[in-house]
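Here's the structure, in structure tokens; my notes come after.
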Amino acid sequence: DTAVSQTPKYLVTQMGNDKSIKCEQNLGHDTMYWYKQDSKKFLKIMFSYNNKELIINETVPNRFSPKSPDKAHLNLHINSLELGDSAVYFCASSPWAGAGNQPQHFGDGTRLSIL
Amino acid sequence: GQQLNQSPQSMFIQEGEDVSMNCTSSSIFNTWLWYKQDPGEGPVLLIALYKAGELTSNGRLTAQFGITRKDSFLNISASIPSDVGIYFCAGIYSGAGSYQLTFGKGTKLSVIP
């Protein structure tokens, strides 16, 4: 039933490790996004993919690499994790962004803690 | 990039009181959105506004798209404990092949029973 689902919900790992977060949406949307929410709850967009193509790539370290195998999935791989990467990462989706002003629907987040 | 000023940052109110929060921007948006985030969950869309001057209700929630397209407010009437959470405004600007969604920094609402 879940429209936008992310796994895992919690991720605790050591500095320097490589980890991936997966996201899937069953809404039939064309566009998917990754956001980072810091400890002050500020939501900042990281990436956006439309139908498997990268359309937004904000200033994010190149240790972060999104991958979209199909339009229903957008995964986030993070290399060489650093303490500052600790945050909640949200996946979202919307109908094609270029078609107008479509609201985004969010997953429940992945809480990443770096030890 | 575009920035949104959302106020207040936090509110403590008594159950039953009405609540008002707003967002302002230095640039125009085509769409205003209001989301609520409960602890441990993702933001959930409450109301979407698509036209300047539009006033839309969703139960006890009412939101308006400002005439200047640079502001929006959200009112909650007769607050209840489950209204607790963080409320985010978001503005969408799209045009000439571009699409940008910007979030406010949130209003944290606490309701005292």
Side-chain angles (χ1 to χ4, degrees), chain A residues 2-10 21 23-25 27 29-51 53-59 87-111 113, chain B residues 1-6 8-10 21 23 28-52 54 56 58 63 65 69 72 84-110:
Chain A
T2 306
V4 181
S5 58
Q6 300 177 225
T7 55
K9 182 159 183 154
Y10 298 95
I21 308 172
C23 180
E24 175 182 5
Q25 54 94 5
L27 295 165
H29 288 165
D30 294 300
T31 310
M32 296 184 72
Y33 311 81
W34 277 109
Y35 285 84
K36 180 179 180 181
Q37 187 175 47
D38 60 25
S39 58
K40 294 182 179 178
K41 305 301 182 185
F42 182 56
L43 277 161
K44 185 172 169 56
I45 192 164
M46 301 171 69
F47 301 103
S48 173
Y49 268 72
N50 184 70
N51 207 6
E53 275 192 45
L54 181 66
I55 56 172
I56 294 175
N57 184 359
E58 294 295 313
T59 307
V88 183
Y89 292 84
F90 285 101
C91 177
S93 74
S94 72
W96 180 44
N101 310 309
Q102 304 294 336
Q104 297 174 15
H105 299 262
F106 285 78
D108 282 341
T110 296
R111 282 133 197 88
S113 298
Chain B
Q2 295 171 318
Q3 293 189 357
L4 289 182
N5 297 310
Q6 184 171 351
Q9 282 190 339
S10 61
M21 58 191 79
C23 273
I28 63 172
F29 288 105
N30 305 119
T31 297
W32 281 94
L33 308 171
W34 285 93
Y35 287 86
K36 182 191 178 200
Q37 185 176 18
D38 289 327
E41 297 183 14
V44 174
L45 183 67
L46 298 174
I47 292 178
L49 302 158
Y50 297 102
K51 285 168 50 176
E54 180 180 351
T56 297
N58 177 5
F65 191 143
R69 295 170 63 190
S72 177
V84 164
I86 302 177
Y87 292 79
F88 290 97
C89 64
I92 298 177
Y93 179 80
S94 66
S98 68
Y99 169 95
Q100 185 172 11
L101 185 148
T102 306
F103 276 91
K105 294 189 176 180
T107 295
K108 186 175 180 180
L109 179 64
S110 301

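Atoms considered below: every heavy atom in the structure, side chains included; atoms not considered: hydrogens, waters and symmetry mates. Throughout, protein chains are lettered first and strands after them, A, B, ... in sequence-line order, and every chain is numbered starting at 1.
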Contacts of B/Lys108 that satisfy side-chain contact (heavy atoms from CB on, under 4.5 Å) - sequence neighbours left out = B/Ser10, B/Ile86
Part of A/Leu43 lying under 4.5 Å from any heavy atom of chain B | both
If one checks every heavy atom of A/Lys44 against chain B at 4.5 Å, the contacting part turns out to be neither
What do you reckon, is CD of B/Glu41 surrounded by more than 12 foreign heavy atoms closer than 6.0 Å?
-> yes
Contact check, side chains of A/Tyr35 and B/Leu101, non-hydrogen atoms, under 4.5 Å | yes
Pairwise side-chain contact, B/Gln37 with A/Phe90, heavy-atom cut-off 4.5 Å (strictly under) = yes
Of all of A/Cys91, A/Pro103, A/Ala92, which one pairs up most often with chain B through heavy atoms under 4.5 Å apart?
-> A/Pro103
For B/Thr31, the side-chain contact (heavy atoms from CB on, under 4.5 Å) test, sequence neighbours excluded, returns A/Asn101, B/Leu33, B/Tyr50, B/Ile92
Would you please test B/Tyr35 and A/Phe106 for ring-ring contact (aromatic ring centres under 6.0 Å, His included) and show each step?
-> CA-CA 10 Å; B/Tyr35 287 86; A/Phe106 285 78; 5.5 Å; yes
So what's closer than 4.5 Å to chain B heavy atoms on A/Gln104: side chain, backbone, both or neither?
-> both
Rounding to 0.5 Å, atoms NZ (B/Lys105) and NZ (A/Lys40) come to a distance of 7.5 Å
Other residues, nucleotides, ligands: >12 heavy atoms within 6.0 Å of A/Lys9 NZ = yes
